[in-house]
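What follows is a single structure, written as C-alpha cells, with notes after it.
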Amino acid sequence: MRLLLLSDYAALCGALDQAAQRYPGIDFCHRSPQTQLLTLPDFDFLLLAPLAEQAEVGQSPQPQQLQHWRKNLPELLDLCRSRNAGLLLISSDCVFADQQQGISELDPPAAEDLLAQELMQLETQVAQLEQHLILRTTPLLSTDPTGGLAQLVIRCRQHRAPDNMDYRGLVSLDDLARVLLGMLLQVDAGAQANGLYHYTATEPVSQTELMHTLARLLNTKAYPADLSGTSRLGMNTQHIMDHFGIHPRAWRATLPELLEQLHV
C-alpha cells in the first residue's frame, strides 16, 4: 500500500513514517503541498492535514491557511480519480460550536466562524470522491520543540495563566498515526468503509487542568488549588470503533513520555 502525505507538517510526517516502518507492506512518503501535481509519486491513498501544526493543543488555527487547500482540492480529487486512489482528510472538531457536547458524526456542525466554514467546505469537497475518509480529531500533542505542547510547557514554567478553554480530548501524534494506518490498512484489505469518522483519546480536559498536570509532571511551581476541570462531554468515537475496531487511548498516559522526548 502506497501512502502519500501532502504536508509540510514535519512532526506528523515523522510519526507516520515511524508507524509505517512496523508494516512491511506500507510504502510511505511525503511531499510539500507546493509540489507540482504531475510530479507526485504513485499512491493508493493521499493524506491531507490542512491545519498542519496549527491543529496542536494551545494553537490558534488561522482560516487563511485553508484557502490554499480549497483552491487546489479539485485538482487533487481529479488526480485521485485518475489514479483510482483514495483520499483521507484530517479535519477537526473546530467545526462544532463550544456548546455542542458529546458530539457524534450525526450531529450537524454549528460553529459559525470562518475557520469552521472553511473546514466544512473542504469536507464537502472531499465527500464528492467515492473513495474518501474524513477523520475529525481534537487538538494534537507532539514532541516538536516549537509545537503547541512545548509552548504550554514554557508558559507553565513561567507560571503564566492558562487560557479559558476546554478540549473535548487530546490526541498524541503517535496515536493519530496508529489510527490512520489502522483505517487505511483495513480499507486496503477490502473493508467497505468510507465517509466521516471521529477520533479522540480519552478524556475531555480544560487548559487550566492541563496546566496543573504539566506543573506536577515538570516539578515546577504549582498553580492555585482550583483545577477548574471541564464539564464538557467529549467526542463520541463509537462509529470508528464499530467500523474499524479502533479503541481510544488515554492521552494522560502518553504525556510523561512526550515531555521526556521534549527534554523538559
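Along the sequence shown, the residues carry numbers beginning at 1. On a predicted model such as this, the values are computed, not experimentally measured, just so you know.
A salt bridge links Glu209 with Arg252: the distance from a Lys NZ or Arg NE/NH1/NH2 to an Asp or Glu carboxylate oxygen falls below 4.0 Å. Asp163 and Arg155 are joined by a salt bridge, as a carboxylate oxygen and a charged side-chain nitrogen come within less than 4.0 angstrom of each other. The residues Arg2 and Asp27 are annotated as not salt-bridged, no charged nitrogen and carboxylate oxygen being separated by less than 4.0 angstrom.
For Gln192 (side chain) and Gly190 (main-chain N/O), a donor-acceptor pair under 3.5 Å exists by modelled atom type. Between the side chain of Asp175 and the backbone N or O of Ser172 there is no donor-acceptor pair closer than 3.5 Å. With hydrogens and angles disregarded, no donor-acceptor distance shorter than 3.5 Å links the side chain of Tyr9 to the backbone of Leu51. Judged by distance alone, with hydrogens and angles left aside, the side-chain atoms of Gln100 form a donor-acceptor pair with the main-chain N or O of Ala110 at under 3.5 Å. Counting only distance, with no hydrogens or angles, the side chain of Asp17 and the backbone of Cys29 share no donor-acceptor pair below 3.5 Å. Between the side chain of Glu75 and the main chain of Leu37, no donor-acceptor pair closer than 3.5 Å is present.
The closest side-chain donor-acceptor pair between Gln117 and Asp113, if any, does not fall under 3.5 angstrom. Side chains of Gln125 and Gln121: no donor on one and acceptor on the other come within 3.5 Å. Between the side chains of Gln65 and Gln54, at least one donor-acceptor pair of N or O atoms lies under 3.5 Å.
The residue from Leu133, Leu12, Leu16 that alone fulfils the side-chain contact (heavy atoms from CB on, under 4.5 Å) condition with Leu47 is Leu16. Shown are Pro109, Cys94, Ser91; of these, the side-chain contact (heavy atoms from CB on, under 4.5 Å) with Met120 is made only by Pro109.
Both Leu40 and Trp69 are assigned to one and the same hydrophobic cluster, defined by single-linkage of ILVMFWY side chains at heavy-atom distances under 4.5 Å. Note on Leu173: it does not cluster hydrophobically with Leu4, by side-chain heavy-atom contacts below 4.5 Å among ILVMFWY residues. Note on Leu48 and Phe45: separate hydrophobic clusters, where clusters join Ile, Leu, Val, Met, Phe, Trp and Tyr whose side-chain heavy atoms are under 4.5 Å apart, directly or indirectly.
The local environment of CD in Glu112 is sparse, with at most 12 non-hydrogen atoms from other residues, nucleotides or ligands closer than 6.0 Å. With a 6.0 Å radius and a threshold of 12 heavy atoms from other residues, nucleotides or ligands, Asp42 has its CG atom above the threshold. Around atom CD of Gln67, more than 12 heavy atoms belonging to other residues, nucleotides or ligands sit under 6.0 Å away. In Gln64, the CD atom is crowded: over 12 heavy atoms of neighbouring residues, nucleotides or ligands sit closer than 6.0 Å. Around the CD atom of Gln158, the shell of radius 6.0 Å holds more than 12 heavy atoms that belong to other residues, nucleotides or ligands.
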Worksheet entry | Steps toward side chain to side chain donor-acceptor pair (under 3.5 Å) verdict (Asp144, Thr146) | CA-CA 5 Å; Asp144 186 335; Thr146 63; 2.9 Å; yes

Discussion item. Run the side-chain contact (heavy atoms from CB on, under 4.5 Å) test on Leu170 and Leu140 for me, step by step, so that the C-alpha distance in whole Å, both residues' side-chain angles and the decisive distance to 0.1 Å come before the verdict.
Written reply: CA-CA 6 Å; Leu170 300 171; Leu140 305 175; over 6 Å; no

Discussion item. Let's go through Val153 and Leu259 carefully: what are the C-alpha distance in whole Å and the side-chain angles of both, what is the deciding distance for side-chain contact (heavy atoms from CB on, under 4.5 Å) to 0.1 Å, and is it a yes or a no?
Written reply: CA-CA 9 Å; Val153 166; Leu259 294 177; 3.7 Å; yes

Item to complete: Evaluate the criterion side-chain contact (heavy atoms from CB on, under 4.5 Å) for residue pair Leu6 and Leu76; output intermediate values, then yes/no.
Response: CA-CA 10 Å; Leu6 203 59; Leu76 290 172; 3.8 Å; yes

Worksheet item: Would Thr138 and Tyr167 count as a side-chain contact (heavy atoms from CB on, under 4.5 Å) if you check the C-alpha gap in whole Å, the side-chain angles of each, and the deciding distance to 0.1 Å?
Response: CA-CA 7 Å; Thr138 51; Tyr167 307 114; 5.8 Å; no

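Contact record, Leu115 with Pro61: CD2-CB, 3.7 Å, taken as the closest heavy-atom pair. Taking every heavy atom of both residues into account, Leu119 and Val95 meet most closely at CB-CG1, 3.7 Å. Across every non-hydrogen atom of Leu122 and Leu73, the tightest pair is O-CD2, 3.7 Å. Of all heavy-atom pairs spanning Val187 and Gln131, the tightest one is CG1-NE2, 4.1 Å. Residue Leu5 comes nearest to Cys13 through the heavy atom pair CD2-SG, 3.5 Å, listed as atom of the first residue, atom of the second, then distance. Of all non-hydrogen atoms in His30 and Ser7, the two that sit nearest each other are CD2-O, 4.2 Å.
Residues Thr200 and Pro248 are not in side-chain contact: their nearest non-hydrogen atoms beyond the backbone lie 4.5 Å or more apart. Thr208 has its side chain out of reach of Tyr223: every pair of non-hydrogen atoms, C-beta onward, lies at least 4.5 Å apart. Side chains of Leu149 and Thr143 form no contact here, defined as non-hydrogen atoms less than 4.5 Å apart. By the 4.5 Å heavy-atom criterion applied to side chains, Leu135 and Val179 are counted as neighbours. Proximity of Leu79 to Phe43: side-chain heavy atoms (C-beta onward) are separated by under 4.5 Å at one or more points. When side chains are defined from C-beta on, Leu184 counts as touching Leu88, because their heavy atoms get closer than 4.5 Å. At least one side-chain heavy atom of Ile90 sits less than 4.5 Å from a side-chain heavy atom of Leu180. Using a 4.5 Å cut-off on side-chain heavy atoms (C-beta onward), Leu89 and His132 make no contact.
Atom CE of residue Met211 and atom OG1 of residue Thr213 lie 10.5 Å apart, to the nearest 0.5 angstrom.
The side chain to side chain contact (heavy atoms under 4.5 Å, CB included) check on Pro204 picks up Thr230, with sequence neighbours excluded. Residues passing the salt bridge (Lys or Arg N to Asp or Glu O under 4.0 Å) test with Glu123 are Arg136, sequence neighbours excluded.
Listed by first then second residue, pairs satisfying ring pair (Phe, Tyr, Trp, His ring centres under 6.0 Å) with a partner in residues 242-264 read Tyr197-His243, Tyr197-Phe244, His239-His243, not counting sequence neighbours.
Using a 30° and 60° split on the angle between ring planes, Phe96 and His198 fall in the perpendicular class, above 60°.
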